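Structure first, commentary second.
The shown structure was predicted, so the numbers you read here are calculated from the model rather than taken from an experiment. Numbers restart at 1 for each chain; the letters A, B, ... are given by sequence-line order, proteins then strands.
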There are 2 protein chains.
Amino acid sequence: MQALRSYIDQYTSTTISDADFAQILAAFVVKKLRKRQYLLQEGEVCKYYAFVEKGALRQYTVDDKGTEHIVHFAVENWWTGDRESFIMLTPSRYNIDALEDSQLLLITQAGLQHLLSQVPSFSLMVRELDQRNYIATQKRLHSSISHTAQERYEELMRIHPDFLQRFPQHMLASYLGISPETLSRLRQKVFRE
Amino acid sequence: MQALRSYIDQYTSTTISDADFAQILAAFVVKKLRKRQYLLQEGEVCKYYAFVEKGALRQYTVDDKGTEHIVHFAVENWWTGDRESFIMLTPSRYNIDALEDSQLLLITQAGLQHLLSQVPSFSLMVRELDQRNYIATQKRLHSSISHTAQERYEELMRIHPDFLQRFPQHMLASYLGISPETLSRLRQKVFRE
DNA sequence: TCTTTTCGTTGACATTTAACAAGAAGCGTC
DNA sequence: GACGCTTCTTGTTAAATGTCAACGAAAAGA
């Protein structure tokens, strides 16, 4: 719980009141997920947006050939969920599952709307969050359009060194949009240089 | 001006009051840009976020080899600007220039903050906008990670058929992250199929 | 109108990456 | 500790894509 409070304080650059935080907390439910359990499966509507208190999850699609494509990792103090499905109530294309035993705080669309209209600092936090998400996603998009696979791997090393320790390489490859074999060969090359 | 008003009504699912709209309009200035003129150049801080009333612009980087990488096209009723630079006041990596003679509505960071705190419907509109941007960018990212160049081109045909008419092919290639030659060959193949 | 620039296509070749297959090392589970 | 599963690596071959160069058509500018 404390994690969410620090998070809000940090991203709103304020100190939230106990009353406000109590109201926020009331809109969330705690959910524990064991490794390999799903938060969302393809075809379902995403009913919950989740704040990660502990653990790690991945958001990915599976194509016709059975290959997984990871669009997003969520670790402590990150959010996860399929925003499009959550808002539009459309079936999701994504799967989200736990890579480690995890503890999440879940909020429904109704709960979110309630907080947005009632708690200004929460509203502010969501705006910051969206901005950051948008900027981060745009950066990754730019990277994937204009950089080589090797450059993208080196960028990942710089920006998320923790990911390299925490997730298996074939998942990092999927996240970068390359095959596990290519990543393996790239690593040798980067290492030699 | 009317374009912005319709846009806000549409994305907030409300009808905005004359008073609110007058306040919103007061925060913007009209700017005309002729083809090839810049709204933003690499290294500058992005001082204005822009709503496109008429015309078309592109947001892109130029790499060491002089190759351009287009991350975003903005046409009528779209927004453009480097969000990161605009918020953080950091020098931008991007160039934004007009592909046609264009008319824009510009707003400064101060103007934006003022409206966000004073006009709830504007605030709502910005939230919707951010959400849509985030979702759209995430979709493109997913596409660029998990689809082939040909699939991405076909997707572009489906989602933005107007782009194919409006922008030269080498820019579409840049937007897709492939070389102009590859796009030319892809088109033949798609056409044959 | 004439000239210049931009644009799209095509060919030849190089480079990057994927696909498939095999094997070894590490890990968890029973 | 034995087994099975996951992970990572390596080799080989094929496919996709980039690069360089040339050409002609179209568009823009003078």
A/K31 versus A/Q103, side-chain donor and acceptor atoms under 3.5 Å: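 No, no side-chain donor-acceptor contact under 3.5 Å.
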Rounding to an integer number of Å, can you tell me how far [X] [atom1] sits from [N] [atom2]?
X: A/I145; N: D/dT17; atom1: CD1; atom2: C1'; result: 16 Å
X: A/L176; N: C/dA18; atom1: CG; atom2: C1'; result: 15 Å
X: A/L186; N: C/dT15; atom1: CG; atom2: C1'; result: 13 Å
X: A/D101; N: C/dG28; atom1: CG; atom2: C1'; result: 14 Å
X: A/E100; N: C/dG28; atom1: CD; atom2: P; result: 13 Å
X: B/I178; N: C/dT15; atom1: CD1; atom2: C1'; result: 17 Å
X: A/H69; N: C/dA18; atom1: NE2; atom2: P; result: 11 Å
X: B/E151; N: D/dT17; atom1: CD; atom2: C1'; result: 15 Å

[X] and [Y] aromatic centres sub-6.0 Å:
X: B/F51; Y: B/Y7; answer: yes
X: A/Y134; Y: B/Y134; answer: no
X: B/Y60; Y: B/H72; answer: no

Salt-bridge criterion met for A/E100 and A/R166 (N-O under 4.0 Å):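 The answer is yes: the pair qualifies as a salt bridge.
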Distances for protein N/O vs nucleotides 7-11 of chain D N/O pairs under 3.5 angstrom?
residue : atom : partner : partner atom : Å
D/dT7   : OP2  : A/H170  : NE2          : 3.3
D/dC8   : OP1  : A/Q169  : N            : 2.9
D/dC8   : OP2  : A/Q169  : N            : 2.9
D/dC8   : OP2  : A/H170  : N            : 3.0
D/dC8   : OP2  : A/H170  : ND1          : 3.4
D/dT9   : OP2  : A/Q169  : OE1          : 2.9
D/dT9   : OP2  : A/S184  : OG           : 2.9
D/dT9   : O5'  : A/S184  : OG           : 3.2
D/dT10  : OP2  : A/Q188  : OE1          : 3.4
D/dT10  : OP2  : A/Q188  : NE2          : 2.7
D/dG11  : N7   : A/R185  : NH2          : 2.4
D/dG11  : O6   : A/R185  : NH2          : 3.0

Quick one: is A/T182 getting a side-chain N or O under 4.0 Å of the C/dA18 phosphate, OP1 or OP2?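 True: A/T182 side-chain N/O within range (under 4.0 Å) of C/dA18 OP1/OP2.
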Would the distance check show the side chain of B/R34 and the main-chain N or O of B/D101 forming a donor-acceptor pair, the cut-off being under 3.5 Å?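 Checking the backbone N and O of B/D101 against the side chain of B/R34, no donor-acceptor pair under 3.5 Å is found.
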